[in-house]
Amino acid sequence: MKISRVALVGVGNIGRGFLRILADKDPWLTQHHGIQFRVVAAVDSSGAAMSSDGLDLRELLQLKELHQGVAALQRYGHPGLSALAALPQSGADLLVELSPTSLKHGEPGLSVIAWALENGLDVVTANKGPLVLAYPRLTGLAASHGRQLLFSGAVAGGLPTVNIGRRDLIAAHIQRVEGIFNTTTNYILCRMQESGLTFDEALCEAQKAGVAEADPTLDVDGWDATNKLIIVANSVLGMPATLQDVSVQGIRGITREQLLAASQQGKAIKLLATAKPAGDSYRLTVQPTELPLDHPLARLSRWQMGVVYTSDINGTIIAIIEEEGTLATAGAVVRDAVNVVLGRP
């Protein structure tokens with residue numbers, strides 16, 4: 001039996017999904033993989049909860065459902081204790097970092113991930129900010145300290161975008177990447193094209209459906225898809241890309257008339273993230289693109305995301321996920337945690 005002692009930083013929607021999956025699948029993980037996860041620390045904005053024997057996951061979930069912080073957990077709560085203060089006391093060997101994303105400075109996730117790698121912890125994260133802003137530094141720390149850093153949940157939720165590129169195409173030269181990496185924009189464009197809604201009407205519907213944030217700027221202006229493309233460029237293509245390397249255009253200017261005209265020509269407009277060869281590197285773009293209806297990404301429905309890899313020796317690989325809510329992203333985090341414990345990159 002392999003026992004992994006987990007410190008969870010960030011207990012929002014994805015963090016709660018992670019806890020729920022561990023609670024539900026504990027017998028299955030033990031039987032099929034010989035793994036038991038013990039969450040010895042959980043940290044949110046209220047502080048921390050810690051137990052060397054492992055916290056009761058269902059008790060934690062119940063607390064969060066009552067809109068209380070983990071620091072309110074009886075006997076084990078530590079109000080005001082930060083992640084950086086809690087980690088050295090936790091006895092954890094695996095950090096699962098799911099704190100809110102910041103694209104300005106990457107904090108608090110960046111410092112927490114760096115500390116963990118420097119101090120003997122493997123790391124699983126779905127937090128895009130640290131990866132976009134400091135990928136070479138973090139992967140360098142992981143390599144120099146002999147630790148694993150896995151992040152498949154950071155690109156298109158449960159879709160194994162990074163895993164396909166890094167694992168399944170390991171011997172291939174990737175000639176092109178095309179992706180629809182953002183559910184919000186795909187939902188909006190689908191509803192505009194299907195039902196003739198205006199952008200504002202489709203955005204309002206997406207917000208009511210819970211797929212769009214109250215402030216949808218990062219999504220509709222293309223920056224969320226851009227962040228994911230940067231992670232793919234760094235981790236799969238070996239290109240040290242930053243935000244300045246991507247040509248970005250969002251969907252605010254797309255009208256229902258444009259979508260109708262595209263439909264009449266047998267096309268669909270999608271917010272497409274692409275990496276195309278440019279000399280010895282790649283040209284990275286995120287922009288609304290007309291796709292013929294026989295293109296696999298043109299047919300994606302409102303809840304779907306997808307990626308197309310074109311390579312020299314493995315042909316064209318297409319992967320699509322239908323994902324409502326954040327459970328599939330939490331599932332990707334669990335997938336990475338299992339691979340860490342089993343020693344699989």
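The shown structure was predicted, so the numbers you read here are calculated from the model rather than taken from an experiment.
- Considering only residues two or more places apart in sequence or on other chains, Lys267 meets the salt bridge (charged side-chain N to carboxylate O under 4.0 Å, His left out) condition with Glu290.
- Residue-environment remark: CZ (Arg283) stays at or below the threshold of 12 foreign heavy atoms within 6.0 Å.
- Residues that satisfy the salt bridge (charged side-chain N to carboxylate O under 4.0 Å, His left out) test with Asp26, not counting sequence neighbours, are absent from this structure.
- Atom CZ of residue Arg299 and atom CG of residue Asp294 lie 7.5 Å apart, to the nearest 0.5 angstrom.
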Donor-acceptor contacts, no H, no angles, side chain residues 230-246, under 3.5 Å, sequence neighbours left out:
from, atom 1, to, atom 2, distance (Å)
Asn234, ND2, Ile230, O, 2.9
Asn234, ND2, Ala241, O, 3.1
Ser235, OG, Ile231, O, 2.7
Thr242, OG1, Gln244, N, 3.4
Thr242, OG1, Gln244, OE1, 3.1
Thr242, OG1, Asp245, OD2, 3.3
Asp245, OD2, Thr242, N, 2.8

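- No donor-acceptor pair under 3.5 Å is formed between the side chain of Asn186 and the backbone N or O of Lys270.
- Distance alone, capped at 3.5 Å, places no donor-acceptor pair between the Asp221 side chain and the Gly250 backbone.
- For Lys228, the salt bridge (charged side-chain N to carboxylate O under 4.0 Å, His left out) test picks out Asp224, with sequence neighbours left out.
- Side-chain contact, Gln249 with Ser247: no donor N or O sits under 3.5 Å from an acceptor N or O.
- Separating the CG atom in Asn163 from the CG atom in Leu169 is a distance of 11.5 Å, to the nearest 0.5 Å.
- Looking at Asn127 and Thr125, their side chains never bring a donor and an acceptor atom within 3.5 Å of each other.
- Here the side chains of Arg167 and Arg344 are not in contact, with every heavy-atom distance at 4.5 Å or above.
- Within the 3.5 Å criterion, the main-chain N or O of Gly91 finds a donor-acceptor partner in the side chain of Arg5.
- Here ring-ring contact (aromatic ring centres under 6.0 Å, His included) pairs that include residues 115-163, with residues two or more places apart or in two chains, are Tyr135-Phe151.
- For the residue pair Ile113 and Leu95, the shortest heavy atom distance occurs at CA-CD2, 4.0 Å.
- A donor-acceptor contact shorter than 3.5 Å is absent between the side chain of Glu59 and the backbone of Leu55.
- One side chain, Asp215 or Thr217, offers a donor N or O that lies under 3.5 Å from an acceptor on the other.
- At least one donor-acceptor pair under 3.5 Å links the side chain of Ser311 to the backbone N or O of Gly315.
- Side-chain contact of Glu178 with His295: a donor-acceptor pair under 3.5 Å is present, judged by distance alone.
- In this structure, CZ on Phe181 lies 6.5 Å from CG on Leu229, to the nearest 0.5 angstrom.
- In the model, Asn13 has a side-chain atom that pairs as donor or acceptor with a side-chain atom of Arg16 under 3.5 Å.
- Within the structure, ring-ring contact (aromatic ring centres under 6.0 Å, His included) contacts touching residues 303-327 (residues at least two apart or in different chains) are Tyr187-Trp303.
- For the 3.5 Å distance criterion, the side chains of Glu323 and Thr329 qualify, holding a donor opposite an acceptor.
- Counting only N and O atoms by type, the side chains of Ser263 and Gln193 include a donor and acceptor under 3.5 Å apart.
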